[in-house]
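Just so it is clear, the values below take in all heavy atoms, side chains as well, and ignore hydrogens, waters and symmetry mates. Convention: sequence-line order gives letters A, B, ...; per-chain numbering from 1.
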Amino acid sequence: MKSALTNACTLKLENFEGPFDLLFYLIEKNQIDIYDIPVVVITDQYLDYLNAMQELDLEIASEFLVMASTLLHIKSRMLLPEREPVEEEAADPREELIIKLLEYKKYKEYSKVLSEREEKWSKVHYKLPEAIPETFAENEIEVSPVILRSCFLEVLKRYRDKMTDVSKKMKRILDHEKVSLRAKIRELLGLLKKGIKICFSKVYNTRKKSRLEVATGFLAVLEVVKIGYATVEQHADFGEIYVTPCDKKKNIDPMILAEDD
Amino acid sequence: MGSITDTEIIIEAVLFASGDPVSLDKIAEIIGHDRKTTRVLMSNLIYKYQNASRGIMIRQIDDGYQLCTKPELDEYIQKLGTVRKRQGLTPAAYETLSIIAYNQPVTRAYIEQVRGVNSDSVIQKLIERNLIREAGRDDSPGKPKLYETTEEFLRVFGFSSLKDLPPLEMNDIPEVMENVPLD
Amino acid sequence: MGSITDTEIIIEAVLFASGDPVSLDKIAEIIGHDRKTTRVLMSNLIYKYQNASRGIMIRQIDDGYQLCTKPELDEYIQKLGTVRKRQGLTPAAYETLSIIAYNQPVTRAYIEQVRGVNSDSVIQKLIERNLIREAGRDDSPGKPKLYETTEEFLRVFGFSSLKDLPPLEMNDIPEVMENVPLD
């Protein structure tokens, strides 16, 4: 047999957002002071709703059941006679529930504000964008004749160095063999220990060191950043890379610090 | 209509052509003024539109400006028959949005704590509608995702910035906000 | 909304929201006037927009009306368009360009010999940017392509001719350059 309550509330049931929503409905329906909820009444009504939902074969979300047990727990605590008067004022078992309800109520009310605002602002209409063609800035390449000249001289000098200084070249070839990442990391850590910011190009310069050495130096920087001994920054494409010592050290792999054989 | 300067004419044309919001920086660049001057200029212009006999007005959304029709003329625009009606939000969506709006960035656990129910799907729907977005991760254990509102949120609800959110009644129980556990 | 001004407000909002032309009939229906009155009203309105300090105007197309920006403001609206980012030349491009500029016409082998690295893609990029172009083929074995700078190169660098290239002092140029093999 369906209760009157069941019939009355069939339509409403599915619309509760959650246990707080249902509790609020009951509080408002009974015109109850939220700060002094008659737990017995509310718990009974709450359970009636859950029963009604069951009768209607509605799926009851677990949160509703959790709230039911919370209410029953509070109810039992309220009904138990206090055995001995406690010196401090005993905590009201409803307090936590009330706090949560008030918090929920705040946003519930704010939902209405949002909904009203949406209603109003759904009445303004926008215009589709005009098709504005993409403009090209092809003639805005930043160039300088002076850079053109110095680039040329630079590349010539590099070439001359490469071709003329055979002994240097041989030394570089020999140096290649010696470049190890681990050694580079140690070298870099040694520099960073001094606590100063390092310009990458000052330490690893292609004019002074072999490409392999510079490349390995770069890998060393990445490793050192990864283990948290430094941070890197570069302010422009192709610009200087600054390596700054860092305090946030993570565990360092002892292998890195171990001497090479 | 108050006197309209040449700069204001340019701004009107630019906002009209754009349709979408145009950033303060872009407007400043186009009219050749600094940000501060441009901001004052835009405030004046918003006021002029509001008070002039115009069918359109300027909205500020964050640091952008957009032309739109005045809300009270909606009934006439509806007669064009070209306007699609927006699908409204569910009560769950409003609830979740207001919790996010006032506490952003905020975790799902916090939202569920306040609402008392699982909020996974409603969060997904709000993301799909571009009203909220992920905003990094919290430092707490498990590094849960954080959520915040979007510009679209401001647009849909008519706020020019988050500072516009109507104040919450905080005098109920002040410490409540601190007490909601985050786990 | 009986007065003329109020009708004009409605028309502005309707034309704005539509974006496309709105027919005289439709406007008449929306403002609740007959065709004739509406036509007069629209003529007045077109005149008002044209003479007012407005960035937008009403255009009549056949029996329809559409809002659009005033043509003289086009230059400002163009600035709204996405401008392809101002890009400097990469060091590799500078290097390659300088070798070509000072030695043109020149083969790829020569460029690569001097630079010490493969220069295929950088040459392609310079061609795409119209700073260099092919200039026939060398007489040497394999008949390799030759490259030279373009008029665009002169324009971009502000030269009136190649004679404007910053001069190299004689002692800058290592004698070795004469000996660069062309293999």
Side-chain angles (χ1 to χ4, degrees), chain A residues 121-166 168-169 172-173 176 200-201 205-207 209-212 214-215 234-241, chain C residues 13-20 67-69 74 77-103 111 113-117 129-131 149 152-153 155-159 164-169 172-177 179-180:
Chain A
W121 285 92
S122 70
K123 289 182 177 164
V124 310
H125 302 279
Y126 304 89
K127 186 183 142 291
L128 287 177
E130 310 274 303
I132 299 161
E134 186 179 318
T135 46
F136 292 94
E138 276 177 324
N139 47 2
E140 288 189 55
I141 300 170
E142 264 174 36
V143 288
S144 142
V146 182
I147 294 177
L148 193 67
R149 179 178 181 275
S150 63
C151 260
F152 185 55
L153 294 177
E154 185 107 337
V155 75
L156 286 192
K157 190 167 172 299
R158 222 170 52 215
Y159 181 69
R160 178 174 50 188
D161 289 351
K162 200 164 64 186
M163 296 309 286
T164 52
D165 200 340
V166 179
K168 222 187 246 172
K169 198 176 175 188
R172 280 210 200 101
I173 290 168
H176 283 187
F200 184 79
S201 75
N205 193 304
T206 38
R207 248 173 287 167
K209 305 207 168 167
S210 72
R211 275 172 195 278
L212 182 64
V214 173
Q234 186 179 33
H235 301 296
D237 290 349
F238 311 109
E240 180 61 79
I241 298 166
Chain C
V14 166
L15 292 184
F16 177 89
S18 163
D20 293 328
L67 277 179
C68 64
T69 55
D74 188 53
I77 290 156
Q78 290 302 321
K79 291 187 191 166
L80 269 178
T82 44
V83 176
R84 209 157 71 175
K85 231 187 151 123
R86 170 190 282 251
Q87 264 181 315
L89 293 171
T90 63
Y94 253 123
E95 239 175 61
T96 309
L97 198 56
S98 70
I99 295 167
I100 298 172
Y102 281 102
N103 298 281
I111 295 164
Q113 184 70 34
V114 176
R115 293 190 61 218
V117 285
R129 293 180 86 150
N130 194 24
L131 292 168
T149 56
E152 175 71 1
F153 166 81
R155 203 186 62 72
V156 164
F157 280 87
F159 302 140
D164 284 348
L165 276 175
L168 302 170
E169 280 141 53
D172 282 337
I173 307 167
E175 66 282 24
V176 87
M177 288 312 287
N179 301 330
V180 176

With only heavy atoms counted, which part of C:Ala17 is less than 4.5 Å from chain A, the side chain, the backbone, both or neither?
both
If you round to the nearest 0.5 Å, how far is CG of A:Leu148 from CZ of C:Phe157?
5.0 Å
What I'd like to find out is whether the side chain of A:Tyr159 reaches to under 4.5 Å of the side chain of C:Gln113, using heavy atoms alone.
yes
Could you look at A:Leu128 and say if it's the side chain, the backbone, both or neither that has a heavy atom under 4.5 Å from chain C?
neither
Engaged part of C:Leu165 at the chain A interface, taking heavy atoms whose separation is under 4.5 Å
side chain
Between CD1 of A:Ile147 and CG of C:Leu97, what distance do you get to the nearest 0.5 Å?
12.0 Å
Interatomic distance, CG@C:Leu15 vs NZ@A:Lys127, rounded to 0.5 Å, equals 12.0 Å
How long is the gap from CZ on A:Phe152 to CD on C:Glu95, to the nearest 0.5 Å?
11.0 Å
Considering only heavy atoms, which portion of C:Val14 lies under 4.5 Å from any heavy atom of chain A: side chain, backbone, both, or neither?
neither
Judged by atom type as modelled, is there a donor-acceptor pair below 3.5 Å linking the side chain of A:Arg149 to the main-chain atoms of C:Pro167?
yes
Which atoms of C:Thr96 approach chain A - backbone, side chain, both or neither, heavy atom under 4.5 Å
neither
